[in-house]
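Input: a single structure, listed below in structure tokens.
Sequence lines set the chain letters: A, B, ... in the order given, protein chains first and strands last, and positions in each chain run from 1.
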There are 2 protein chains.
Amino acid sequence: MATIRDVARAAGVSIATVSRVFNDHTLVNPETASRVLEIATKLDYWPNGAAQSLTTRRTQTLGVMLPELFGEFYSEVIRGIDRQSRAHDYQILLSSSHSNGEEVLIAGRAMLGRIDGLIMMAPDEASIETVERVRRRVPVVLLNPRIEVEGCCSVAFENFSGARAAVTHLIGLGHRDIAIITGPPGNVDAEERLRGFRRALADAGMDPDAAAVIPGDFRESAGYEAGVALLARKPRPTAVFAANDGMAVGLLAALAAAGKRVPRDIAVVGFDDIAMAAYLNPPLTTVSVDACGLGHRAVDLMMGAIESGPTGGSLRQQLPAVLVVRQSCGSATAGTGLLEQTAGSSGGTVRRGRK
Amino acid sequence: MATIRDVARAAGVSIATVSRVFNDHTLVNPETASRVLEIATKLDYWPNGAAQSLTTRRTQTLGVMLPELFGEFYSEVIRGIDRQSRAHDYQILLSSSHSNGEEVLIAGRAMLGRIDGLIMMAPDEASIETVERVRRRVPVVLLNPRIEVEGCCSVAFENFSGARAAVTHLIGLGHRDIAIITGPPGNVDAEERLRGFRRALADAGMDPDAAAVIPGDFRESAGYEAGVALLARKPRPTAVFAANDGMAVGLLAALAAAGKRVPRDIAVVGFDDIAMAAYLNPPLTTVSVDACGLGHRAVDLMMGAIESGPTGGSLRQQLPAVLVVRQSCGSATAGTGLLEQTAGSSGGTVRRGRK
DNA sequence: GCCAAGTATGAAACCGTTTACATCGGGAGC
DNA sequence: GCTCCCGATGTAAACGGTTTCATACTTGGC
């Protein structure tokens with residue numbers, strides 16, 4: 001394939017001139033420029049990206065590392081990152097499905113020299129080493145970090161207050177025996193949501209330790225199994241808070257299979273507000289987080305960090321988690337699930353209806 | 001940051017030796033190796049990816065270009081690509097949301113030198129130029145190509161036969177006045193599905209030109225509007241084939257808002273089988289395509305192409321589109337939408353129930 | 001007619017690796 | 001004791017660009 005030298009030779013100029021034409025840097029004689037461009041087209045010359053980033057130390061690429069790519073949530077995060085990156089003329093180098101620190105380290109190493117910054121959702125503490133090493137070279141933005149890292153920006157959802165609001169809502173509806181299906185152990189989001197659940201109970205003068213805690217792993221199947229387990233329990237809880245919507249879906253299926261009616265027999269609340277939540281039967285009351293917005297915000301922080309260089313401070317941002325009341329919790333004022341019914345009431349943290 | 005030279009100097013060896021240690025290429029004295037490794041760790045040395053790929057002409061990265069990143073379908077494709085790439089130790093360089101040929105060209109140019117191959121779903125014919133130019137340098141695999149390109153592998157869904165099966169099923173249920181909500185003009189998938197729709201009618205001795213064709217664009221809102229338009233029509237079609245599930249969702253919402261019952265008043269069939277399809281009210285009969293599998297297959301083809309070099313032939317693969325009968329079409333044998341009911345009947349192209 | 005300023009271009013260093021080839025000891029074979 | 005071979009390592013040339021600095025040639029002002 002043609003290199004800059006081939007073009008220079010064919011056009012009878014030096015490679016410096018060709019480079020200048022392509023970066024329209026300094027003034028180049030228009031005649032020379034057009035001749036070079038013409039030759040370049042004829043030779044099908046395209047600058048080599050690796051060579052460019054080697055000299056300029058710029059790649060116009062953002063690294064993105066995610067723990068795993070299943071579930072709608074992560075897709076949305078990627079969408080948000082992608083969209084905002086494009087707006088800033090950046091491409092994204094994606095590497096996901098990392099289950100342990102070792103894999104993260106390898107992926108991080110492979111990215112080095114190819115990225116101007118790294119947006120990362122770390123699955124576990126073992127990844128912190130990678131973060132530290134990468135951070136010495138390019139800015140790092142953490143998503144929902146388990147541990148804040150000195151010198152890294154981060155964006156996180158208000159998991160705690162979102163969960164608390166959801167459970168408080170159930171309590172307000174009269175429920176006194178509320179169970180929770182948790183996320184995988186060690187997952188920050190899961191832990192924060194559990195903490196919010198317990199706080200809500202405590203705030204209402206109930207004993208958090210008395211509540212049924214069913215272990216889950218954020219997958220639909222875990223929700224189903226949890227549902228089966230719950231039904232065998234006596235006394236049976238009157239409401240369940242599933243730590244994410246995926247498990248709520250499985251739970252609803254288990255309840256339907258057992259002939260239980262939601263919310264009459266048992267109330268259900270989820271977390272995430274995935275696209276199908278409004279279309280479930282009954283429409284799912286859940287806590288809405290803007291996954292796409294998380295990615296968007298992460299890119300914004302990254303752009304700031306890249307601008308300001310390694311001296312940039314470590315901003316911490318929180319994104320709201322908003323309770324969306326639909327029908328699965330039995331609220332009298334719930335939306336229909338098919339028609340928009342946004343209410344401006346309840347202190348601004350509760351929405352009703354479809355979106 | 002430390003370079004290979006720093007390590008070499010500190011360890012009292014040449015850069016060649018350091019390089020050899022890191023690529024455990026040729027025999028290196030174990031003692032020397034461990035000393036180099038130790039120094040490298042102390043200096044926090046990581047090889048620079050850009051420099052490596054400049055000399056080796058390998059990047060361990062696959063370019064991925066998609067027209068736009070909205071909707072579950074594309075997320076699934078990316079998931080499939082990502083998973084399979086990781087299995088082969090490749091990362092992916094993502095660039096999406098390209099709406100025109102110009103943007104595609106720029107993105108392609110930015111990728112050059114950073115990728116070992118390109119997986120691309122081209123939005124329009126204007127992108128063909130980019131494909132051609134990229135193809136001269138690295139292998140290209142096309143997804144659902146509008147036009148096959150000489151020397152490129154491709155993977156596509158059987159849009160045509162999938163749509164035909166869906167409409168034939170409606171006809172088998174007794175429907176004689178069937179409408180279609182189409183995808184955006186110029187979209188291959190949309191066109192193929194329309195073609196399948198017309199063929200099914202023709203096969204049944206009906207006049208394709210007499211059918212109602214409502215223009216859509218694959219978005220939920222278009223489905224809603226199409227629903228409104230359909231309800232105003234007289235005589236009103238007894239069944240509707242929406243060219244994708246997103247529009248079917250909107251259509252169901254419009255019908256519900258008008259108090260129509262599905263499938264009693266009107267039957268609905270979609271295309272894609274997105275995750276929420278089974279949870280809609282009623283569960284949506286649709287044509288299932290394995291978007292994740294599409295990405296997976298594309299990577300497999302790419303690996304073959306990279307192995308065999310530019311001489312590699314141009315394989316064309318078709319992935320099946322399978323009709324999944326649920327309740328929205330009014331079939332007597334439909335699944336419940338919540339319990340798995342896979343039937344092995346009907347020539348193997350029809351499944352029933354949830355998945 | 002000379003100097004300063006400005007424009008267009010070239011020469012060469014550099015970015016951080018890999019790798020072909022050269023070099024250098026030392027032990028084996030005879 | 002002389003080759004020959006081999007293992008360990010160094011030298012230096014790529015890879016394909018960008019960029020600093022130098023140079024040659026025009027102009028314009030006085």
May I ask you to decide whether [X] forms a salt bridge with [Y], counting only side-chain N to carboxylate O separations under 4.0 Å?
X: A:Arg135; Y: A:Glu150; result: no
X: A:Arg146; Y: A:Asp189; result: no
X: B:Arg137; Y: A:Asp44; result: yes
X: A:Arg79; Y: A:Asp82; result: no

At less than 4.0 Å, is any side-chain N or O atom of [X] found next to OP1 or OP2 of [N]? Yes or no.
X: A:Thr55; N: C:dC14; result: no
X: A:Arg57; N: D:dT18; result: no
X: B:Thr17; N: D:dG10; result: yes
X: A:Gln52; N: D:dG16; result: no
X: A:Asn23; N: D:dT18; result: yes
X: A:Thr32; N: C:dT9; result: yes

Side chain of B:Asn29 - closest among D:dG17, D:dT18, D:dA8: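 In terms of side-chain proximity for B:Asn29, the closest of D:dG17, D:dT18, D:dA8 is D:dA8.
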
Starting at [atom1] of [X] and ending at [atom2] of [N], how long is that distance when rounded to a whole Å?
X: B:Asp6; N: C:dG16; atom1: CG; atom2: P; answer: 9 Å
X: A:Ile15; N: C:dG10; atom1: CD1; atom2: P; answer: 11 Å
X: A:Arg20; N: D:dT20; atom1: CZ; atom2: P; answer: 11 Å
X: B:Met1; N: C:dG16; atom1: CE; atom2: P; answer: 11 Å
X: B:Arg114; N: D:dG16; atom1: CZ; atom2: P; answer: 15 Å
X: B:Arg9; N: D:dG10; atom1: CZ; atom2: P; answer: 14 Å
X: B:Ile4; N: C:dT18; atom1: CD1; atom2: P; answer: 5 Å

Axis deviation across the helix from C:dG1-D:dC30 to C:dC30-D:dG1, five-pair ends, to the nearest 10°: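 Here the local axes at opposite ends form an angle of 50°.
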
Sugar-phosphate only, base, or nothing, as touched by A:Tyr45 at under 4.0 Å among non-hydrogen atoms: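 Touches sugar-phosphate only.
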
